[in-house]
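Order of the sequence lines sets the chain letters (A, B, ...), proteins ahead of strands, with each chain counted from 1.
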Amino acid sequence: MLASRVGVAATRSAAKPFMAQNLPKLALAARVPATQYRPIATVKHTPAEGDQILAKQRLNRPVSPHLGIYKMNQTWFGSSAWTRITGCTLSGVAYLYFGSYLLAPLFGWHLESASLAAAFAGLPMLVNGGIKFLLGFPFAMHFFNGVKHLVLDTGRGYAKSTLVRVETAAWSFGILGGLFLAFGL
Amino acid sequence: MASLMRPTTLLRQTALASRSAAFARPAAVRAAAFQTSSRKSAILPAGPQVIQGGVNDPAPIPTPSAAHGSYHWAFERLVAAGLVPLTIAPFAAGSLNPTLDAIFCGTLLIHSHMGFQQVVIDYIPQKGWPKLRKGATWLLNLVTLMVGVGLYEFETNDVGITEGVKRVWTAKAGTE
């Protein structure tokens, strides 16, 4: 026999673990049937428990790269996200105000338009302008993006160059429109 | 057929070895941690995972409903399109007469309610947080109703939304 073959055979027999080498001897000694005997321990699970194991395992699955790999102007400055943000801001403020207006008599507050106008006029100019910009910018953004989404709903304007240009136009309109509404009116 | 008498191949040897060592711990598969990127995720981790039915059941198809599907979509777009001239008019004419102002208020309320509904539907999935979703839906309905009554009160007891915004916006310290 060749020396290399002896080496391979020797490693293979050395690699055999204890059980595989001695199980036949042990089985004969213990009078255990030689075929179809698998020394495995099992745990009884209800289907619900099995589902729980599966559900927990799902949380450990790797997540494909998503928001972090795309350009910021699509993820953080995307017009549909900002349509929602500005819409929620405007409606949130409106809901808060009109809800408080309804409940004001219960608490003795004065939230009529006259008292609101008086309080607003008393604020320093920069604070005044700042609050107006914080409301005017969402209004301008939401208006422009709303019209944009209605046009997109008709099926027009999906060319890549058009989308990029309209996105830049939306931000320009929003910021400039907000500044105009805050300081120009 | 498997037999203890026959010597096994290397793969099955290792399988037997691991199984024999499994006498000490339960054979149920433990949750294994995979390699994940060390960069912080830009969005929140997955919500609670729920398995409905068995693992071999196909994904459930929602029951088709035109009221909640195409009609809802068309109505939402009609309301949004209707708001465009209603919003431009006050800038052009200075303010709106009470009837037009009331129509503006109602349309704005419906538009806001539908917008908030979309937010609730998008961020609170039914399967993950059923009670929170139901609670948020009912809270939104209640708040919209309350704001509707508030808008009515504002229209009747006060100057109306367009005139009100105009007065607050152009309020100057000298004129009171």
**Student:** To check you understand the geometry: which heavy-atom pair defines the closest contact between V147(B) and G99(A), and what is its length?
**Tutor:** CG2-N, 4.3 Å
**Student:** Hydrophobic clusters here meaning ILVMFWY residues chained together by side-chain heavy-atom distances under 4.5 Å, can you tell me if V93(A) and F139(A) are in one?
**Tutor:** yes
**Student:** Is it the case that atom OH in Y71(B) sees more than 12 heavy atoms from other parts of the structure closer than 6.0 Å?
**Tutor:** no
**Student:** With rounding to the nearest 0.5 Å, note down the distance linking CZ in R84(A) to OH in Y123(B).
**Tutor:** 4.0 Å
**Student:** How about N157(B) and Y101(A): do any of their side-chain heavy atoms sit closer than 4.5 Å?
**Tutor:** yes
**Student:** Stepwise, does the side-chain contact (heavy atoms from CB on, under 4.5 Å) test hold for R167(B) with L116(A)?
**Tutor:** CA-CA 9 Å; R167(B) 283 191 192 182; L116(A) 211 68; over 6 Å; no
**Student:** Report whether I103(B) and Y152(B) are members of the same hydrophobic cluster (ILVMFWY, side-chain heavy atoms less than 4.5 Å apart, transitive linking).
**Tutor:** no
**Student:** Roughly how far, to the nearest 0.5 Å, is OH of Y95(A) from NE2 of H113(B)?
**Tutor:** 6.5 Å
**Student:** Is it true that, when you exclude F133(A) itself, more than 12 heavy atoms of the residues, nucleotides or ligands shown sit nearer than 6.0 Å to its CZ?
**Tutor:** yes
**Student:** Can you check whether L54(A) reaches Q49(B) side chain to side chain, under 4.5 Å on heavy atoms?
**Tutor:** no
**Student:** OG1/T87(B) to NE2/H142(A) distance, rounded to the nearest 0.5 angstrom?
**Tutor:** 9.5 Å
**Student:** So Y97(A) and F154(B), would you call those rings parallel, tilted or perpendicular, with 30° and 60° as cut-offs?
**Tutor:** perpendicular
**Student:** Within a reach of under 6.0 Å around NE2 of H68(B), are more than 12 heavy atoms found that belong to other residues, nucleotides or ligands?
**Tutor:** no
**Student:** Mind checking whether M72(A) and W82(A) sit in one hydrophobic cluster, side chains of I, L, V, M, F, W, Y counted as touching below 4.5 Å?
**Tutor:** yes
**Student:** Chain A heavy atoms under 4.5 Å from Q118(B): which part of the residue, side chain, backbone, both or neither?
**Tutor:** both
**Student:** Using a cut-off of under 4.5 Å on heavy-atom pairs, state which of A117(A), A94(A), A182(A) scores highest against chain B.
**Tutor:** A117(A)
**Student:** Spell out, as yes or no, whether a donor-acceptor pair under 3.5 Å connects the side chain of D158(B) to the backbone of E112(A).
**Tutor:** no
**Student:** How long is the gap from CZ on F98(A) to SG on C105(B), to the nearest 0.5 Å?
**Tutor:** 6.0 Å
**Student:** Considering residues, nucleotides and ligands other than L106(A), do more than 12 of their heavy atoms fall under 6.0 Å from its CG?
**Tutor:** yes
**Student:** Drop me the distance from D153(A)'s CG to R77(B)'s CZ, to the nearest 0.5 angstrom.
**Tutor:** 4.5 Å
**Student:** Do the side chains of M146(B) and L103(A) get nearer than 4.5 Å, heavy atoms only?
**Tutor:** yes
**Student:** For I88(B), is it the side chain, the backbone, both or neither that has a heavy atom under 4.5 Å from a heavy atom of chain A?
**Tutor:** side chain
**Student:** Do the side chain of K172(B) and the main chain of A121(A) share a donor and acceptor less than 3.5 angstrom apart?
**Tutor:** no
**Student:** Pick from T144(B), L108(B), V50(B): which one has the most heavy-atom pairs with chain A under 4.5 Å?
**Tutor:** T144(B)
**Student:** If Ile, Leu, Val, Met, Phe, Trp and Tyr residues are connected whenever their side-chain heavy atoms lie under 4.5 Å apart, and connections chain through other members, are I85(A) and M141(A) in the same group?
**Tutor:** yes
**Student:** Given the rule that I, L, V, M, F, W and Y join up when any side-chain heavy atoms are under 4.5 Å apart, are L151(B) and L96(B) in one cluster?
**Tutor:** yes
**Student:** Are any non-hydrogen side-chain atoms of F91(B) and L181(A) less than 4.5 angstrom apart?
**Tutor:** yes
**Student:** When rounded to the nearest 0.5 angstrom, what is the spacing between CZ in F116(B) and SG in C88(A)?
**Tutor:** 5.0 Å
